[in-house]
Number of protein chains: 2
Amino acid sequence: MEFDDKVPIYYQIKTAIYDQIISGQLAPGDKLPAIRQLAVSMTVNVNTVQRALSEMITEGVIISRRGRGNFVTDNAQVVEQLKQQLITSYLKQLYDRLHRLNISDEQMIAELTVYIERQGDSNGNDIED
Amino acid sequence: MEFDDKVPIYYQIKTAIYDQIISGQLAPGDKLPAIRQLAVSMTVNVNTVQRALSEMITEGVIISRRGRGNFVTDNAQVVEQLKQQLITSYLKQLYDRLHRLNISDEQMIAELTVYIERQGDSNGNDIED
DNA sequence: TATAGTGTAATAGAAAACTAGTACACTAAC
DNA sequence: GTTAGTGTACTAGTTTTCTATTACACTATA
């Protein structure tokens, strides 16, 4: 897994796992790969993975069973709430950033639209939900 | 100045100054506040500010004159290019993040539109460019 | 009961970021 | 020439993050 060197690794791991849960790659109730396996596949230390998991456990999204494994909460409401929370924080960040650059609301939408069109053209991976 | 504790402080300082340049608060040719003054106003160490400035000097956006001060490049093309670069990187980050959450292109635009409407309603600070 | 696999935590060391302090070099004004 | 203000850089210490290593506790299986 490739890491941005501006953000702590444990935080990026946490985000990556949240993305998998929200996108459905990990369903409510699913068991996560073992800590040691995640460490190997991400090429990081076991404790770094544990650090990421700890926060997700504290936030109630991951349920930990010592000796058995870590599981995605089967409370779909928790996952839905997490989804809304992440989407809103991503939008807020973009909005704040573009707003600080004096870009109007209309321009923001226009720029995103153009960006998406370029992504669709160059990648051909325009997924419809 | 308030800092996000997930990103190095020098990097946030750099971004903040780039925002001021692109938004026009700092015009091409303008002199920046002295390193020591920025350190005081941001409540950080002089060397941290210098670290941020060093990168901007290396990137050609800031021109340094020892004993005289630091100046925004008067090459408007550099500023324009920086603007496009930042906008694109912000859009890419949002696109990638929402795409990983399995959100379709149409949904992305819809979500941003709704978010903007909510911002405009609650803040009343909808600026037109 | 023993073993393998699981999560959790502690210790020690390294690297990066930040701070405090200090000093040097350049510039402009008096 | 002196002074004040400017940018640049070094040393030393602290904090945070990460790694490596080790060990402990829990669980399921044979």
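In what follows, chains are A, B, ... by sequence order, proteins preceding strands, each numbered from 1. Computation of the quantities below employed the complete heavy-atom set of this structure, encompassing side-chain atoms and omitting hydrogens, waters and symmetry-equivalent molecules.
Per the geometry, CE belonging to B:Met42 stands 13 Å off P belonging to C:dC18, to the nearest Å. Straight-line distance from the CD atom of B:Gln50 to the P atom of C:dA17: 16 Å, rounded to whole Å. In this structure, B:Arg51 places its CZ atom 7 Å from P of C:dC18, rounding to the nearest Å. Rounding to whole angstrom units, CG of residue A:Leu53 and P of C:dT6 are separated by 13 Å. Rounded to whole Å, the distance from NZ on B:Lys31 to P on D:dG5 is 12 Å. Rounded to whole Å, atom P of C:dT6 lies 7 Å from atom CD of A:Gln37. Rounded to an integer number of Å, the gap from B:Met1 CE to C:dC18 C1' is 15 Å. The distance between atom CG of B:Asn70 and atom C1' of C:dC26, rounded to the nearest whole Å, is 13 Å.
Considering all non-hydrogen atoms of both residues, B:Val44 and B:Ile13 come closest at CG2-CD1, 4.0 Å.
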Give every pair of a protein N or O atom and an N or O atom of nucleotides 1-5 of chain C that lie under 3.5 Å apart, one pair per line with the distance.
residue, atom, partner, partner atom, Å
C:dG5, N2, A:Gly67, O, 3.2

Please list, for nucleotides 20-22 of chain C, all pairs of protein and nucleotide N/O atoms separated by less than 3.5 Å.
residue, atom, partner, partner atom, Å
C:dA20, N7, B:Asn45, ND2, 3.1
C:dA20, N6, B:Asn47, ND2, 2.9
C:dG21, O6, B:Asn47, ND2, 2.9

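Contacts with DNA chain D (heavy atom under 4.0 Å) in residues 2-22 of chain B: none are found.
At C:dT8, none of the side-chain N or O atoms of A:Ser54 fall inside 4.0 Å of OP1 or OP2 (strictly under the cut-off). Contact check, B:Arg65 against D:dG7: no side-chain N or O comes under 4.0 Å of OP1 or OP2. In terms of phosphate contacts, A:Thr48 brings a side-chain nitrogen or oxygen within less than 4.0 Å of OP1 or OP2 of D:dT19.
Under the side-chain contact (heavy atoms from CB on, under 4.5 Å) test applied with A:Ile109, the options A:Asp105, A:Leu112, A:Thr113 reduce to a single match, A:Thr113.
With sequence neighbours excluded, no residue satisfies salt bridge (Lys or Arg N to Asp or Glu O under 4.0 Å) with A:Arg97. Partners of A:Arg36 by salt bridge (Lys or Arg N to Asp or Glu O under 4.0 Å), not counting sequence neighbours: none found. Every residue two or more places apart in sequence or in another chain that forms a side chain to side chain donor-acceptor pair (under 3.5 Å) with A:Lys92 is listed here: A:Asp96.
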Could you go through residues 74-83 of chain A and list every donor-acceptor pair under 3.5 Å that involves a side-chain atom there, pairing it with any protein atom two or more places apart or in another chain?
residue, atom, partner, partner atom, Å
A:Asn75, OD1, A:Gln77, N, 3.0
A:Asn75, OD1, A:Val78, N, 3.4
A:Glu80, OE2, A:Gln84, NE2, 3.0

Extract all donor-acceptor atom pairs below 3.5 Å that involve side chains of residues 61-70 of chain B and protein atoms in other chains or at least two apart in sequence.
residue, atom, partner, partner atom, Å
B:Ser64, OG, B:Asn70, OD1, 3.2

Exercise answer: donor-acceptor pairs, residues 24-33 of chain B side-chain atoms, under 3.5 Å, sequence neighbours excluded:
residue, atom, partner, partner atom, Å
B:Gln25, OE1, B:Ser23, OG, 3.2
B:Asp30, OD2, B:Ala27, N, 3.0

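Under the 3.5 Å distance criterion, the side-chain polar atoms of B:Thr88 are left unmatched by any main-chain donor or acceptor of B:Gln85.
To the nearest 0.5 Å, atom CD of residue A:Gln119 and atom NE2 of residue B:His99 are 8.0 Å apart.
Judged as a side chain to side chain donor-acceptor pair (under 3.5 Å), the pairs with a partner in residues 5-14 of chain A (not counting sequence neighbours) are, in order, A:Tyr10-A:Arg51, A:Lys14-A:Glu55, A:Lys14-A:Glu59.
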